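Okay, so here's the structure we're looking at.
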Amino acid sequence: MVTLKDKVKAFLRKVFDIIRKPEMGILPGQLAFFLLLSIIPLAALIATIVANFSLSIETLMKLVSDTLPTEVASFINEAIGGKSMNFNIAIFYISAFILASNGPHSMIISSNIIYKVENKDFLTRRVKALIMTIILVILLLFLFLVPAYGDKILTLITSFIQNDAINHTINLTYGILKYPVSFVLIYFCIKLLYTMAPDKQIKSKTTTYGALFTTIAWILSTELYSFYVGSFSKYNLLYGSIANLLILFLWIYLLSYIFMIGMALNASQDELEK
């Protein structure tokens with residue numbers, strides 16, 4: 001008779017076997033690179049929308065500068081321009097978006113290896129990768145705006161409101177909703193990505209453990225990054241001004257690696273369900 005202890009041992013053994021696969025050492029770096037690549041066209045697209053609505057680009061850049069660490073803000077502001085949408089800019093966005101989709105495309109290939117299924121045709125994979133890229137960009141934007149820099153953005157917004165009662169209500173509402181909304185949105189998007197990635201139909205329930213692990217780990221790692229930004233980002237004399245960018249890159253890489261561990265958990269659960 002198979003006991004619960006035996007099932008747990010078998011599950012963990014499968015997880016470690018998958019984590020030791022060569023692609024698990026490569027894909028997190030690939031995914032992190034393409035996530036970082038998506039930041040620039042995303043920032044430029046936001047700036048274009050602002051310009052088309054006749055809002056001040058300088059206000060947007062000031063918001064970025066006041067909210068983010070100096071070096072990270074400079075990195076983002078380089079992508080922000082004051083030009084309206086034209087053909088050349090549209091081609092830039094499309095090209096950058098397609099290039100950024102190489103990350104999810106690599107995710108699809110690796111998930112096929114992990115789940116031991118054959119790759120579908122190239123066009124099908126690329127279309128699916130583009131859809132997954134949209135989900136990843138939404139996730140990344142949410143992580144920046146709420147868990148990572150939400151507190152600083154909120155402080156900046158309330159500084160313009162000269163009403164203590166309204167500020168108290170805003171802060172109270174944000175404090176109550178921040179973690180529940182973050183958990184639900186991140187969990188839903190990650191579970192969707194895990195379900196879509198392999199080129200075979202998998203049961204949604206087999207992605208639950210991996211999605212829960214990834215969601216909780218993403219929130220915790222983002223809180224650590226937010227704590228660094230709020231407490232230590234100005235004290236980088238030892239490492240120089242490049243320190244904040246390195247921490248940003250490390251955070252993105254950590255998110256990518258956690259994502260792949262979650263996929264390993266899902267694949268192990270899928271094996272046990274057979």
Side-chain angles (χ1 to χ4, degrees), residues 31-53 55 57 59-69 72-81 85 89-90 92-104 107 129-157 174 177-194 196 211 214-215 217-226 229 244-245 247-256 258-259:
L31 183 58
F33 172 77
F34 289 113
L35 284 176
L36 285 168
L37 188 66
S38 68
I39 293 176
I40 295 178
L42 180 62
L45 179 60
I46 293 173
T48 300
I49 294 173
V50 169
N52 287 333
F53 278 94
L55 300 176
I57 294 296
T59 301
L60 176 61
M61 295 181 70
K62 185 179 185 303
L63 177 63
V64 171
S65 299
D66 291 344
T67 304
L68 307 183
V72 178
S74 299
F75 177 70
I76 299 296
N77 280 335
E78 285 294 326
I80 296 178
M85 179 68 73
I89 295 176
F92 165 74
Y93 292 150
I94 293 172
S95 301
F97 186 76
I98 292 175
L99 187 59
S101 71
N102 285 330
M107 189 191 304
L130 288 172
I131 297 173
M132 292 172 67
T133 302
I134 295 174
I135 299 172
L136 278 171
V137 167
I138 292 172
L139 259 180
L140 187 62
L141 181 61
F142 178 80
L143 284 172
F144 268 106
L145 293 180
V146 181
Y149 297 108
D151 293 348
K152 298 189 73 173
I153 292 174
L154 183 67
T155 300
L156 185 63
I157 291 174
Y174 173 80
L177 296 179
K178 176 182 177 181
Y179 291 107
V181 171
S182 296
F183 183 87
V184 171
L185 180 63
I186 295 172
Y187 174 78
F188 175 78
C189 290
I190 288 176
K191 190 174 178 66
L192 184 59
L193 289 171
Y194 281 148
M196 290 179 61
T214 302
T215 300
W218 272 29
I219 291 174
L220 290 176
S221 60
T222 303
E223 281 298 310
L224 288 175
Y225 174 70
S226 178
V229 169
N244 288 326
L245 280 180
I247 294 296
L248 172 65
F249 297 161
L250 179 62
W251 172 55
I252 296 293
Y253 180 82
L254 182 60
L255 296 182
S256 301
I258 290 170
F259 185 90

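Please read all numbers here as calculations on a predicted model, not as lab measurements.
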Report summary line: Between the CG atom in L193 and the CD1 atom in I131, the distance rounded to the nearest 0.5 Å is 11.0 Å

Query raised in the report: Under a 4.5 Å cut-off applied to non-hydrogen side-chain atoms, are S256 and F33 in contact?
Result: no

Query raised in the report: Is there side-chain contact between V146 and V181, with at least one heavy-atom pair below 4.5 Å?
Result: no

Query raised in the report: Could you give all pairs that pass the salt bridge (charged side-chain N to carboxylate O under 4.0 Å, His left out) test and reach residues 177-189, with sequence neighbours left out?
Result: D151-K178, K178-E223

Report task. Over all heavy atoms of both residues, which pair between A32 and Y253 is shortest? Give the atoms and the distance, please. Result -> CB-CA, 3.7 Å

Report task. Drop me the distance from L254's CG to L224's CG, to the nearest 0.5 angstrom. Result -> 8.5 Å

Query - Any side-chain heavy-atom pair of P147 and Y179 under 4.5 Å - result: no

Report task. Output the distance between atom CD1 (I219) and atom OH (Y187), rounded to the nearest 0.5 Å. Result -> 12.5 Å

Query raised in the report: About how many Å separate OG1 of T133 and CD1 of I138, when rounded to the nearest 0.5 Å?
Result: 11.0 Å

**Report entry** Atom of S101, atom of A129 and distance for their closest heavy-atom approach
**Finding:** O-CB, 3.7 Å

Report task. Please round to the nearest 0.5 Å and tell me the distance separating atom CZ of F259 and atom CH2 of W218. Result -> 6.5 Å

Query raised in the report: Would you find a donor on one side and an acceptor on the other, under 3.5 Å apart, between the side chain of S226 and the backbone of T222?
Result: no

Query raised in the report: About how many Å separate CD1 of I252 and OG of S221, when rounded to the nearest 0.5 Å?
Result: 9.5 Å

Query raised in the report: Any idea how F144 and W251 line up, ring-wise: parallel (<30°), tilted (30 to 60°), or perpendicular (>60°)?
Result: perpendicular

